[in-house]
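Below you'll find the structure, written out as structure tokens, and then a few comments.
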Amino acid sequence: MRAIYRSLSRQPVISTITNSRFQQPSFIPSRVPTSFSLPAYISSHPRRPIHITPNMSSSVSYQKAFSRLSALQSNLAITSLFTVPLPDGTDRNAAAIPEMLFWLSRAGLSPESIASSGLKCVHVAGTKGKGSVSAFVGSILAQYSNPPTQKVGVYTSPHLVDQRERISLLSPQEKEGMIDEEKFGKYVNLVWDTMTAEARKQLGAEAKEEELEGPGTKPFYFRFLTIVALRAFLDEGVRDAVVECGIGGEYDSTNVLTEESVSAAVVTQLGIDHVGMLGDTVEKIAWHKAGIFKRGVKAFTIRHPRETVGEVLRERAREKGAELVEIGEEEVKGWKGVEGGMLQGPFQKGNMALAVYAAREHLVKTGHKFEGRFGVDEEWGLDDIPDKFVKGLREASLRGRCEVVRDGKDGTEWLVDGAHTEDSLAGVGEWFASRAGDGLRVLVFNQQERDPKILLTALLKGAEKEASGLKEVFTHAFFTRNEELPPKEGEKRDLSVQTKALEIMKEYNGEVESRVSDNVQLTIEGVKYLTAKARAEGKECRVLATGSFHLVGTVLKRISA
């Protein structure tokens, strides 16, 4: 649907930006309860600390970039501000885009310079599935690129093991395409040094050199990496890109992209998340996500079962002058989808459908001509997709989203997904149960910032549903904190969340042998002890790690070491 929309000019009014360091609170320790025992050496053996640093073989440029990024204000520090309202009732979101425009200009960029470069982006927002949709779209577009001079850029978040995961340069030959260390270091340092030089011009002789060089003249982490990604895309000659929102849409850092730079917008499944920033109802959250709609640009979503949510999206489309295309649930269910893909799960078919619509729109807008029904706007359907689309959907990958990793040392199958909302965890439960089989079935779970009762129950019910009412989908469970290593001497870690999760599991199914842990290393050792014992008995071993991207990232790091 099209509507007339008159936009208001944005004035770059910059609010006060703080760069103070945020410290995590200390907690009173809890006694660790256990429901099954592990060998004494696992819980008492002293461990040598492992320092997380770049590979020693990395270039000086990359190591400098790594160090600089580590000094930036974290995203958590920013989102935590929204838990406390401002005394005058001012919306903290209001300054987000003006501030981002300021930082963009300090890096020598502007929405106009990005648009004039010819870069065209598929812009993706949503509560769940946006990472998968971004990966699907990027993989499809890569099938139509012309390497080595032309690659498709993909910007996603969060990263799980390596910061470079956020920026990809894809081609048909490079299925993952994570930016290499040399280029990553180059663009991080280029943006950093450009910002330092511009700050020196603006602040003059009064500013101290160490302050100009430091993080105080730089934005917080996500804003900085967004600018790095855009800089990399422009300098690498990228013309086709996929950009995933961080949080929300209307005020997200990526929403400095103008209608000239956006070929299609996507709003994936919606749910309750980031309540402090986005609101406490799906309707309020839908308003934010639809903020990426642009005048004259098609926006795609799967029709929401709640009519009030659909009304919000349609009203936002009218307000923005966008054309909203609502894909019917019946169309998705009636499509056979693409089997054998790297991104798995029963819910991926909807994400694939959104990716097909968005990728087709992007390719048509950028001049590609399709043959047959797929080339006719009012006639094509999902069953008409070309072989390159099928290949792109099958080869798409994204770390920590329905990822299956087989431990090369012991053969254990690890299923990992960073799901952290009620709906997404229900889907992950179904996914695991569909693959669980017989043998050892272990759950590794944490969600440090949200109610574990709601989320863990959603996971268990999703698994039970897929297993046709069988509650014993899991044989064992570990409820762990996200820290990789044991506490340092004198360090106290609160285990109340993990203890609550253990109690929930006992109430749900007392047959599951469960324990809590204060670090992932200890948890992995416990899992390996159980899997070794199970293999000696000829049993298969599968482990599900979920509930948090922080947890999943640490697990992947440990099992890949």
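Positions are given from 1 along the sequence.
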Taking only Lys NZ, Arg NE, NH1 and NH2, and the carboxylate oxygens of Asp or Glu, determine whether [X] and [Y] approach each other closer than 4.0 Å.
X: Glu283; Y: Arg306; value: yes
X: Arg68; Y: Asp193; value: yes
X: Arg360; Y: Asp377; value: yes
X: Lys183; Y: Glu236; value: yes
X: Lys298; Y: Glu361; value: yes

Residues that [X] engages under side-chain hydrogen bond (donor to acceptor under 3.5 Å, both in side chains), provided they are two or more places apart:
X: Glu315; value: Arg318
X: Tyr251; value: none
X: Arg316; value: Glu250, Glu319
X: Glu307; value: Arg314

Using the side-chain hydrogen bond (donor to acceptor under 3.5 Å, both in side chains) rule, collect all pairs that involve residues 152-161, keeping only residues at least two apart or in two chains. Tyr155-Thr226, His159-Arg166
How would you list all residue pairs meeting ring-ring contact (aromatic ring centres under 6.0 Å, His included) that involve residues 290-321, not counting sequence neighbours? Phe300-Tyr357
Any side-chain donor paired with an acceptor under 3.5 Å for Asn255 and Lys294? yes
Quick one about Ser113 and Ser116 (side-chain donor to acceptor, distance below 3.5 Å, no hydrogens or angles considered), yes or no? no
Looking at Trp103, is Lys218 sitting on its ring face, NZ or CZ under 6.0 Å from the six-membered ring centre and within 45 degrees of the normal? no
Could you please spell out the steps behind the side-chain contact (heavy atoms from CB on, under 4.5 Å) verdict for Tyr187 and Trp192? CA-CA 8 Å; Tyr187 292 118; Trp192 190 284; over 6 Å; no
Heavy-atom neighbours of Glu182 CD exceed 12 at 6.0 Å: no
